[in-house]
Number of protein chains: 2
Amino acid sequence: MASGFEAHDHTDCIRTAMARVEKHCAEKSLRLTKSRRRVLELLLSEHKALGAYDILAQLAAEGWNAQPPVAYRALDFLVKNGFAHKLERVNAYVACINPDADHLPSFMICRDCDAVAEARSPAHARAFKAAAEAAGFEIEKTVLEAQGLCPSCQSAENETQR
Amino acid sequence: MASGFEAHDHTDCIRTAMARVEKHCAEKSLRLTKSRRRVLELLLSEHKALGAYDILAQLAAEGWNAQPPVAYRALDFLVKNGFAHKLERVNAYVACINPDADHLPSFMICRDCDAVAEARSPAHARAFKAAAEAAGFEIEKTVLEAQGLCPSCQSAENETQR
DNA sequence: TTTGATATGTTATAATATATCAATACGGAG
DNA sequence: CTCCGTATTGATATATTATAACATATCAAA
Ligand SMILES: [Zn+2]
Ligand SMILES: [Zn+2]
Ligand SMILES: [Zn+2]
Ligand SMILES: [Zn+2]
């Protein structure tokens, strides 16, 4: 139902995602420049959200002397084109798991380990959209985020309680 | 289906909400102090979200010499006790329309006039919760927000397009 | 009336995000 | 190829949102 918490071949996960983004950029003549590509790689490296300043710190560690606009511009590009999403609850950004399909993303965010899973079956998102439209509201953007404990952090909490 | 966009007796709306909060505070021995009460009144005054610094500005206009922690502490109290909600998408706060029932709130936020409606039928919220639990995720908090155009701002956009 | 807990006052600063403008790189038209 | 308009980057400054820290005040119960 979701992606991010299950065990999977993450190397392949990254490769597939990059390939889809590259293809999409080629088709739409979008320029996946050095900083945009590197920021996307950082977001893809783990199924976790990174804040803009986390990204800046990583770039700095790689010798990049990058100021805040560098991160925000790259993130704007990635978000605008659907390659990443912003998690409003935590002011952080995560790579999209389905970066060329139009969708209403929704997320589960672990408060303990910061793991993020993007839900794949957006029945609730469509239901929200339908309910809003029934109320005469024209949706342009949805924010659907759940914060709590991922499966493995629930286990960890139970361990320490003993 | 929602509250905020429809015409209604808003004076009564405010009075009812304050009464419910007062009752709840009395029952739970919560202290609805001067600043907490005034911030809640400001949030209730319109079905719009106010940022912490909007609130500080209003308090200042009333002669309050209030520093940021004053607003954030009052908002924390109101949010923690379910009298207000934070809209993560716009970093702003809105009074709850159902302030003594436990619920998973969801919102429609107009990008044009900043009107906010809290949805009353949370079928989509429950569906989200169910989907997350099916994935083994333990939800502690949900953020469900739609941003777009409220009914009256849709009309206004159509006017100007002519 | 002491006491412990909760709330407020006050100052400073952290964390997140954007405005602005100059310099550069890119990519198509000629 | 080379010129031109546009998109992107570099660099500095600043805006916006939120919290840390610690002293003081208030409350309510023992
Ligand atoms: Zn993966
Ligand atoms: Zn976790
Ligand atoms: Zn009302
Ligand atoms: Zn509106």
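Below, chains carry the letters A, B, ... as their sequence lines are ordered, and counting in each starts from 1.
- The side chain to side chain contact (heavy atoms under 4.5 Å, CB included) test applied to A:Asp112 returns A:Cys110, A:Leu149, A:Cys153, not counting sequence neighbours.
- Rounded to the nearest 0.5 angstrom, B:Leu43 CG and B:Lys48 NZ are separated by 14.0 Å.
- Here the CG atom belonging to B:Leu50 is positioned 9.5 Å from the CG atom belonging to B:Asp114, to the nearest 0.5 angstrom.
- Taking CD of B:Glu145 as the reference point, atom NE2 of B:His85 lies at 10.5 Å (rounded to 0.5 Å).
- Contacts between residues 53-89 of chain B and DNA chain D, counted as heavy-atom distances below 4.0 Å, involve B:Tyr53, B:Pro68, B:Pro69, B:Tyr72, B:Arg73, B:Lys86.
- Interatomic distance, B:Leu104 CG to B:Ile139 CD1, rounded to the nearest 0.5 Å: 7.5 Å.
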Only pairs under 3.5 Å count here: list side-chain donor-acceptor contacts from residues 15-24 of chain A, not counting sequence neighbours, and write none if there are none.
residue	atom	partner	partner atom	Å
A:Arg15	NH2	A:Asp12	OD1	3.4
A:Thr16	OG1	A:Asp12	O	2.8
A:Arg20	NE	A:Asp100	OD1	3.3
A:Arg20	NH2	A:Asn98	OD1	2.8
A:Arg20	NH2	A:Asp100	OD1	2.7
A:Glu22	OE2	A:Arg37	NH1	2.9
A:Glu22	OE2	A:Arg37	NH2	2.7
A:Lys23	NZ	A:Glu27	OE2	3.2

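- Listed by chain and number, the residues in a side chain to side chain contact (heavy atoms under 4.5 Å, CB included) with A:Glu62 are A:Arg38, A:Leu42, A:Leu59, A:Trp64 (sequence neighbours excluded).
- Inter-residue side-chain proximity for B:Cys113 and B:Cys150 is flagged as met; some heavy-atom pair is nearer than 4.5 Å.
- When the side chain to side chain contact (heavy atoms under 4.5 Å, CB included) test is applied to B:Asn65, the partners found at least two apart in sequence or on another chain are B:Gln67.
- The salt bridge (charged side-chain N to carboxylate O under 4.0 Å, His left out) analysis of residues 76-92 of chain A, with sequence neighbours excluded, yields the pairs A:Lys86-A:Glu88, A:Glu88-B:Arg89, A:Arg89-B:Glu88.
- Between the SG atom of B:Cys13 and the CD1 atom of B:Ile97 there is a distance of 8.5 Å, given to the nearest 0.5 Å.
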Give me the distances for all protein-to-nucleotides 28-30 of chain C N/O pairs that come in under 3.5 Å?
none

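- Within the helix from C:dT1-D:dA30 to C:dG30-D:dC1, the inter-axis angle between the opening and closing five-pair segments is 30°, rounded to 10°.
- Within residues 18-46 of chain A, the residues that have a heavy atom under 4.0 Å from DNA chain D are, in order of number, A:Arg31, A:Thr33, A:Ser35, A:Arg36.
- Residues B:Val116 and B:His47 form no side-chain contact, since every pair of their non-hydrogen atoms from C-beta on lies 4.5 Å or further apart.
- In summary, contact between chain A and DNA chain D, defined as any nucleotide atom under 4.0 Å from a heavy atom of the protein, begins and ends at D:dA7 to D:dT12 in the 5' to 3' direction.
- Summarising the geometry, atom CD1 belonging to A:Ile14 is positioned 9.5 Å from atom CG belonging to A:Asp9; distances are rounded to the nearest 0.5 Å.
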Donor-acceptor contacts, no H, no angles, side chain residues 125-137 of chain B, under 3.5 Å, sequence neighbours left out:
none

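- Contacts of A:Asn81 classified as side chain to side chain contact (heavy atoms under 4.5 Å, CB included), with partners at least two apart in sequence or in another chain: A:Leu30, A:Phe77, A:Phe83.
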